[in-house]
Amino acid sequence: MADMMIGPRLYSCCNCRNHVALHDDVISKAFQGRNGRAFLFSHAMNITEGPKEDRQLMTGLHTVADVHCSDCREVLGWKYERAYEETQKYKEGKFILEKSKIAKENW
């Protein structure tokens, strides 16, 4: 029974291991971040948001805010604040966390 998983599967900051997201909140693993693959999450925790800015991304113009680990301040990705194209509106209020910036916990 020692092999039984305790608690939910999580993602943590790769730098300090602060818990930043739940595996159950992954919407898609098919996104592109600044430094490679990224995951789209419906929620994130233990993060702080930077200032909002308009950024031209692969899927068009979006208003985004960088998200940082609340403990070590590592930039983990961004939050979609606004999508200007109708087909991209589903991203609003959601989070991109870069695969290279997060680690699996309780897997």
Heavy atoms only: give me the nearest [X]-[Y] pair and the separation to one decimal.
{"X": "Gln88", "Y": "Ala83", "answer": "O-CB, 3.3 Å"}
{"X": "Glu105", "Y": "Arg17", "answer": "OE2-CD, 2.9 Å"}
{"X": "Val67", "Y": "Glu49", "answer": "CG1-CG, 4.1 Å"}
{"X": "Ala65", "Y": "Gly50", "answer": "CB-O, 3.4 Å"}
{"X": "Cys14", "Y": "Ser100", "answer": "SG-O, 3.7 Å"}

Trp107 vs His23, side chain to side chain contact (heavy atoms under 4.5 Å, CB included): CA-CA, chis, key distance, verdict: CA-CA 10 Å; Trp107 290 64; His23 176 69; 3.2 Å; yes
Between [atom1] of [X] and [atom2] of [Y], what distance do you get to the nearest 0.5 Å?
{"X": "Lys79", "Y": "Leu97", "atom1": "NZ", "atom2": "CG", "answer": "12.0 Å"}
{"X": "Cys13", "Y": "Glu74", "atom1": "SG", "atom2": "CD", "answer": "5.5 Å"}
{"X": "Ile102", "Y": "Leu10", "atom1": "CD1", "atom2": "CG", "answer": "11.0 Å"}

Verify same cluster id: Phe31, Val64 (apolar side-chain graph, 4.5 Å): yes
Is the closest side-chain heavy-atom distance between [X] and [Y] below 4.5 Å?
{"X": "Leu57", "Y": "Trp78", "result": "yes"}
{"X": "His19", "Y": "Asn106", "result": "no"}
{"X": "Tyr90", "Y": "Leu40", "result": "yes"}
{"X": "Ile96", "Y": "Lys91", "result": "no"}
{"X": "Phe95", "Y": "Val20", "result": "no"}
{"X": "Arg9", "Y": "Lys104", "result": "no"}

Test item: Glu98 side-chain N/O and Asn35 main-chain N/O as donor-acceptor pair under 3.5 Å: yes
Parallel, tilted or perpendicular: rings of Phe39 and Tyr11 (30°, 60°): perpendicular
Electrostatic pair Lys89:Glu86 at N-O distance under 4.0 angstrom: no
Qualifying side-chain hydrogen bond (donor to acceptor under 3.5 Å, both in side chains) pairs, either residue in residues 60-71, two or more places apart: Asn18-Ser70, Arg34-Asp66, Asp54-Thr63, Arg55-Asp66, Thr63-Tyr84
